[in-house]
Amino acid sequence: MRAAVAGWHAAGEKVGLVPTMGALHEGHIALVREAQRHARRVIVSIFVNPTQFAPHEDFKKYPRTFDDDCAQLVAAGADAVFFPPVEEMYPAGFATRVLLLGPAAVGLDDRFRPTHFEGVATVCCKLFTQSQADFAVFGEKDYQQLKVVTRMAADLDLGIEIVPLATFREPDGLAMSSRNRYLSPEHRALAPLLHQVMQALATRIRNRDELFRAVAEAQGEIIAAGFELDYLEARHAQTLAPVTSLADGPIRLLVAARIGATRLIDNIAV
Ligand code: PAF
């Protein structure tokens, strides 16, 4: 990959990276298209990264659909797929993690997945330095991840720009995710409720309803619909610090909830 990228750079071509864990859907292809808007060359990495899964999480059953992923990437005109084996990314003796503060320690997903972001940051740091790409595109769907990776790339002078892209949604509003394929038909029918509740909450906050009460009622609606709610919170859109009113700055609403064995996350701007 280094040799390919060096050749492209020598020819004056910009190189974009789209990091993924495979199981590609239209949302990932939108990331590829966004990268193509900024660069002549686009690499897509496919790596189900073990360090970002806790022992009880879905690493083993995470969908692996390499042939289908490649077919989609060929159709989208990606230039290269980087598909390293686990032993190459984490050879015996590997003993390094990126230690994160700031947006990785705000009590959102980090509260429920305490080792997740250090795994994400470690693999992203490796992918960025391995690829030497000029920029990497990340979806806003994983909003806290986007903030963590953006912070890390700047703090560690990784020389890569992080380009965000708005969440791609199904027609009924459900944020696209590789994990949506775990949903039973009944749970799939229920899933868009998360987005609906957040949209209604955003409207209430914009209309200057009392924030604390509006959030609490939205939390109640999600629980009443049968979800197990990890969190639904209003946070500062940049720092992810808690906010108490619209006056505290641009607000982002973030949610994580489980139906059955599937954990869904989503977020929207107010
Ligand atoms: O968002 C994902 O798919 C993963 O967390 C990423 C960024 C590819 C790192 O493994």
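Both ligands and their constituent atoms are indexed starting at 1 by order of listing.
Considering only non-hydrogen protein atoms, atom 1 (O) of ligand 1 sits nearest to Q145 NE2, 2.8 Å. With hydrogens left out, the protein atom closest to atom 9 (C) of ligand 1 is Q52 OE1, 3.3 Å, a heavy atom. Ranking the protein heavy atoms by distance from atom 3 (O) of ligand 1 puts M21 CG, 3.6 Å first.
Every atom of ligand 1 is numbered from 1 in the order shown, and the set under 4.0 Å from a heavy atom of V123 is 9 (C), 10 (O). Atom numbering of ligand 1 starts at 1 in the shown order; those under 4.0 Å from a heavy atom of F138 are 7 (C).
Open room surrounds CZ on R208; 12 or fewer heavy atoms of other groups in view lie less than 6.0 Å from it.
By the criterion of a heavy-atom distance under 4.0 Å, the backbone of T20, and not its side chain, is placed next to ligand 1.
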Audit row: Q130, S45, side-chain contact (heavy atoms from CB on, under 4.5 Å) steps and yes/no: CA-CA 11 Å; Q130 288 164 340; S45 64; over 6 Å; no
Tell me, with the steps shown, if F53 and K60 meet side-chain contact (heavy atoms from CB on, under 4.5 Å). CA-CA 10 Å; F53 291 81; K60 282 225 173 75; over 6 Å; no
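Between F83 and F66, the ring planes are parallel. Angles under 30° get that label, and only those over 60° would be called perpendicular.
Between R252 and E140, at least one side-chain N (NZ, or NE/NH1/NH2) sits under 4.0 Å from a carboxylate O, which counts as a salt bridge.
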